[in-house]
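Excluded from the calculations below are hydrogen atoms, water molecules and symmetry mates; all remaining heavy atoms, backbone and side chain alike, are included. Note that the structure is a prediction, hence the values are computed from the model and not measured.
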Amino acid sequence: MAGRVEAAFSSFLVSLAFALLLVSLWSRCSGGLVRLAQAQEQVNFRLITATVCYRMHYLGIAAAASVRLQKTWCVAKPSSDKATLIANLNYACSQVDCSVLQRRGACFDPDTLISHASIAMNLYYQAMGRNRWNCYFDDSALVVATDPS
């Protein structure tokens, strides 16, 4: 997924640089510094400009959708059963550092299973790049846009 984001962003940057070049040429054409020899070239120039603008718009939306600009968190579903929460907690803590959940740790309180599971699942979700699939946990978790703390 990261490769696709980087490719989309790279493509977006190339399109942006090309569009800036075209804008620069367009302003020179308007100012009379560069004159297009034939009407056909003007038509081609306008088509290229329109294509680049459309491509920038399309890639801009794709890049914004791929790069998560909004902070999100992964939390346990309140309807999750005890066994599932324990399994999620154990799995997440086997993959990331959950020392904040230990007694006297920053996130120990409230000392409830759903709270500890949510914190562990969120630590995993954040560490793995905040992809929706990193918050699946057998459909026992939710991605939320409101800070659960």
Next item on the list: Answer with yes or no whether the side chains of Ser140 and Asn88 bring together a donor and an acceptor at under 3.5 Å.
Entry: yes

Notebook entry, point to check: Going by atom types alone, do Ser149 and Asp147 pair a side-chain donor with an acceptor below 3.5 Å?
Noted result: yes

Next item on the list: Could you list the residues that satisfy disulfide (SG to SG under 2.5 Å) with Cys93, not counting sequence neighbours?
Entry: Cys98

Shared hydrophobic cluster for [X] and [Y] (ILVMFWY, side-chain gaps under 4.5 Å):
{"X": "Phe108", "Y": "Ile86", "answer": "no"}
{"X": "Phe137", "Y": "Leu142", "answer": "no"}
{"X": "Val75", "Y": "Leu89", "answer": "no"}
{"X": "Val144", "Y": "Leu123", "answer": "no"}
{"X": "Ile114", "Y": "Leu101", "answer": "yes"}

Item checked: Contacts of Tyr136 that satisfy ring-ring contact (aromatic ring centres under 6.0 Å, His included) - sequence neighbours left out -> none

Distance check, rounded to the nearest 0.5 Å: [X] atom [atom1] versus [Y] atom [atom2]?
{"X": "Asn134", "Y": "Met121", "atom1": "CG", "atom2": "CE", "answer": "11.5 Å"}
{"X": "Met128", "Y": "Cys74", "atom1": "CE", "atom2": "SG", "answer": "12.0 Å"}
{"X": "Gln126", "Y": "Cys135", "atom1": "CD", "atom2": "SG", "answer": "9.5 Å"}

Notebook entry, point to check: With a cut-off of 6.0 Å (strictly less than), are more than 12 heavy atoms of other residues, nucleotides or ligands near CG of Asp81?
Noted result: yes

Check: With a 4.5 Å heavy-atom cut-off, do Tyr125 and Thr72 have their side chains touching?
Finding: yes

Check: Is any side-chain N of the basic residue among Lys77 and Asp139 closer than 4.0 Å to the acidic one's carboxylate O?
Finding: yes

Item checked: Whether Asn122 side chain and Trp73 backbone form a donor-acceptor pair below 3.5 Å -> no

